[in-house]
Amino acid sequence: MIRRLARCIREYKWAALLSPLCMVGEVAMEVLIPLAMADLYDYGIKMQDMQVVAAKSGILVLCALASLSFGVLSAAFASKAGTGFAKNLRHDMYHQVQDFSFSNIDKFSTASIVTRLTSDVATLQNTFQMMIRMAIRCPMMLILALVSAMGISVRLSLVYCVALPILICALLCLIPKVFRIFDRVFRTYDKMNNVVQENVHGIRVVKSFVREDRETEKFTSVSGTIYKDFCKAERIMSLANPIMQLCVYGCMLAISWIGAHLVIASGNNPDLGLTTGQLSSMFTYTSQILSSLMMLSTVAVMLTMSRAPLKRCYEILTEEPNLTSPTENAVMEVPDGSIDFENVSFRYSATARHRALKEVNLHIPSGATVGILGGTGSSKTTLVQLIPRLYDVSEGTLKVGGIDVRKYDLEVLRDNVAMVLQKNELFSGTIKENLRWGNPNATDEELVHACRLACADEFIRSFPNGYDTHIEQGGTNVSGGQKQRAAIARTLMRRQPIMIFDDSLSAVDTETDAKIRAELERRFGSASIILISHRITTLAKAGQILVLDKGRIAERGTHDELVAANGIYRKIYDIQTAGAEEAAK
């Protein structure tokens, strides 16, 4: 897992190596400073030798400047390596998501993917920067300070043998409890992001039903859960500070008591005793040793916090797209727009108990117009999503142009299927930028022509900035009908052999509906056109109409044949006709 994420360091590996090397230099200088201070006091100030004072002071200044320089360089290299690692990690994860099929995306919620790409990566960035600095500094400081202290007085250093086990045992008791809390926190972050996303995306629905209080309660609840968990973790870790202070001051007292006796003893036998300068150095090393151990606990907590994000980012990076192009001999050209379903069944997952589509057999000749009608949940959208291979069939065979869709290069297949989805999405940017999703190289004349075919030119020109009008994310600043017509125009820019309109005329009036259908028949007569709609008038002129019911083709035929059959289609026809007559009155 760590090895896979380490690949994201890439071009920043030198910065990642130089940062800990500079940190070693900083620690070495900090450990030398107490020794220089001891010599300054013992051989300079105490002996009243100004030459020694000047020499030792110069050494102190040099050590301090060197420590400062190494520290600044280490921080700069760590910052470069950390931000570069995060940049590459986000890039790799985002690139992987782009290759996901619909079923892969279904496995991860949208809110979860957003959380992994933002806060999870940020947590890993901070952890990585801490690892190449603090995770090097703390053990190095602990070891070098302990060796230096033992070099001054082994007897006095035995005090640490009592303090260190106490502090280590306390941290080992506290940290596992924090582990479990942070695992839970990052799962709760997904829920909070999901609540925010749903509320912002559906804010018009929320306000229409006057449910602001309920949405506020949902957010307050999940936000409060995160607050409580973080407070609990902080309360647990806050116990470490007084324990550390107890150890530090306990060591200070012990070193003061024992060190005083050794300083006095040095008057009689300098070889067995301790100088005043050395005693002051021991106080500094005590602080360095115990604070290093305390910082190691902070590193451990940070590693705990990053364990869940590490796993979640790794899941994205290692998720294998279950829809891929053939590795060998992929078909690179679609011969025509014919479509054949041969005993096709489909489940959304291998563990699903029920089939969304059941034993569908259907032949659509190239250039034919087919209408699909059915109730909510009858799998109309599922049926057409199999054609560009947004999902793979679970059973049976689906052919486009007489070739199994699984033999095509995915990009080639999807580039030959123009599709207006049931939920139209417009992206933030100008209307021109949205239209050019259909054809990036389209001229302004081609844009206008497509918009006229989709009956969108009129409303676009009514805006002050026309085709340069800015569209908010999701197209929230245009009406549903305007959004649908813009989406249709975007699809018409492609002029592909297969064109699918998934209930894409539901938000336009019947007059506009008729105009768009007439233009489709006139301009794209050679393309295979599939129309999904709840309106009989939209489908009436189709060469073949399918009625789906519970994932099966319940009826098929022309409009006149289905009306005469007196089945599901006739019932819907009678209801809509009666409604139209009532509205006319």
Side-chain angles (χ1 to χ4, degrees), residues 99-107 321-326 330-331 334-366 368-424 491 494 496-504 527-533 539 542 544-556:
D99 290 336
F100 282 175
S101 67
F102 279 16
S103 55
N104 289 122
I105 294 173
D106 291 341
K107 181 178 178 180
N322 52 23
L323 292 182
T324 56
S325 299
V331 179
V334 178
D336 56 57
S338 64
I339 304 167
D340 293 281
F341 287 80
E342 298 176 358
N343 205 33
V344 168
S345 296
F346 174 74
R347 287 183 173 87
Y348 276 99
S349 68
T351 57
R353 296 178 58 187
H354 302 290
R355 293 178 294 178
L357 290 172
K358 305 167 188 174
E359 301 171 0
V360 174
N361 288 283
L362 172 64
H363 172 66
I364 301 175
S366 182
T369 299
V370 175
I372 301 178
L373 183 72
T376 302
S378 59
S379 298
K380 304 183 295 297
T381 297
T382 302
L383 179 73
V384 296
Q385 284 180 340
L386 297 177
I387 297 172
R389 207 181 165 206
L390 299 177
Y391 291 100
D392 257 343
V393 300
S394 302
E395 302 169 25
T397 305
L398 172 57
K399 295 180 180 179
V400 170
I403 301 172
D404 192 323
V405 292
R406 287 169 287 199
K407 295 181 180 180
Y408 281 105
D409 177 83
L410 264 179
E411 187 173 343
V412 169
L413 175 64
R414 291 175 181 173
D415 195 46
N416 280 270
V417 180
M419 191 170 184
V420 184
L421 299 174
Q422 185 176 15
K423 293 182 179 180
N424 298 298
T491 301
R494 301 184 63 182
Q496 303 303 351
I498 298 174
M499 306 186 75
I500 300 171
F501 298 87
D502 184 2
D503 203 16
S504 54
S528 300
I529 298 175
I530 299 177
L531 295 169
I532 297 177
S533 180
L539 309 177
Q544 181 181 194
I545 300 173
L546 309 175
V547 180
L548 290 186
D549 184 40
K550 298 178 181 178
R552 296 181 183 273
I553 298 179
E555 300 174 16
R556 71 177 79 197

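These values consider heavy atoms only, across backbone and side chains, with no hydrogens, waters or symmetry-generated copies.
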From NZ (K358) to CG (N343), nearest 0.5 Å: 14.0 Å
Set of residues satisfying side-chain hydrogen bond (donor to acceptor under 3.5 Å, both in side chains) with respect to N361, sequence neighbours excluded: none
Non-neighbouring partners of P365 that pass side-chain contact (heavy atoms from CB on, under 4.5 Å), sequence neighbours left out: H363, A368
Heavy-atom pair of closest approach, residues G337 and S528: O-OG, 2.6 Å
Donor-acceptor contact below 3.5 Å, side chain K380 vs main chain G375: yes
Atom pair CG/OG1 of D502 and T382 - distance to nearest 0.5 Å: 9.5 Å
Beyond-backbone contact of T397 with V344, side-chain heavy atoms, under 4.5 angstrom: no
All side-chain hydrogen bond (donor to acceptor under 3.5 Å, both in side chains) counterparts of D549, not counting sequence neighbours: none
Set of residues satisfying salt bridge (charged side-chain N to carboxylate O under 4.0 Å, His left out) with respect to D404, sequence neighbours excluded: R406
Partner set under salt bridge (charged side-chain N to carboxylate O under 4.0 Å, His left out) for D409, not counting sequence neighbours: none
Check: G551 main-chain N/O paired with S379 side-chain donor or acceptor under 3.5 Å: no
Minimum heavy-atom distance between V400 and V334, given as atom pair plus value: CG1-CG1, 3.9 Å
Pairwise distance CG(L548) to CG(L373) - rounded to 0.5 angstrom: 8.5 Å
Contacts of Y391 that satisfy ring-ring contact (aromatic ring centres under 6.0 Å, His included) - sequence neighbours left out: F102, F346, Y348
Nearest heavy-atom neighbours spanning A542 and G371: CB-N, 3.7 Å
Nearest-0.5 Å distance, CG of residue L546 to CG of residue L362: 5.5 Å
Sequence neighbours excluded - salt bridge (charged side-chain N to carboxylate O under 4.0 Å, His left out) pairs with any residue from residues 335-345: E342-K399
K407 side chain to V331 backbone, donor-acceptor under 3.5 Å: no
Student check: side-chain heavy atoms of F341 and L383 closer than 4.5 Å: yes
Donor-acceptor pair, side chain of T491 and main chain of A418, under 3.5 angstrom: no
Least distance between heavy atoms, P335 atom then G401 atom: CG-O, 3.6 Å
side-chain hydrogen bond (donor to acceptor under 3.5 Å, both in side chains) partners for E395, two or more places apart: R347
Check against side chain to side chain contact (heavy atoms under 4.5 Å, CB included), E555 and I545: CA-CA 8 Å; E555 300 174 16; I545 300 173; over 6 Å; no
Minimum side-chain heavy-atom gap I498-N416 below 4.5 Å: no
With sequence neighbours excluded, residues passing salt bridge (charged side-chain N to carboxylate O under 4.0 Å, His left out) with R556: none
Gap between atom CG of L539 and atom CG of L531 - 0.5 Å precision: 6.5 Å
Contact check, side chains of M419 and Q385, non-hydrogen atoms, under 4.5 Å: yes
Sub-4.5 Å side-chain heavy-atom contact between I387 and V405: no
Side-chain touch I339/L398, heavy atoms, less than 4.5 angstrom: yes
Pairs meeting criterion ring-ring contact (aromatic ring centres under 6.0 Å, His included) with involvement of residues 395-418, two or more places apart: none
Contacts of type side-chain hydrogen bond (donor to acceptor under 3.5 Å, both in side chains), residue S345, not counting sequence neighbours: R355
CD1-CD1 distance between I500 and I529, expressed to the nearest 0.5 angstrom: 11.0 Å
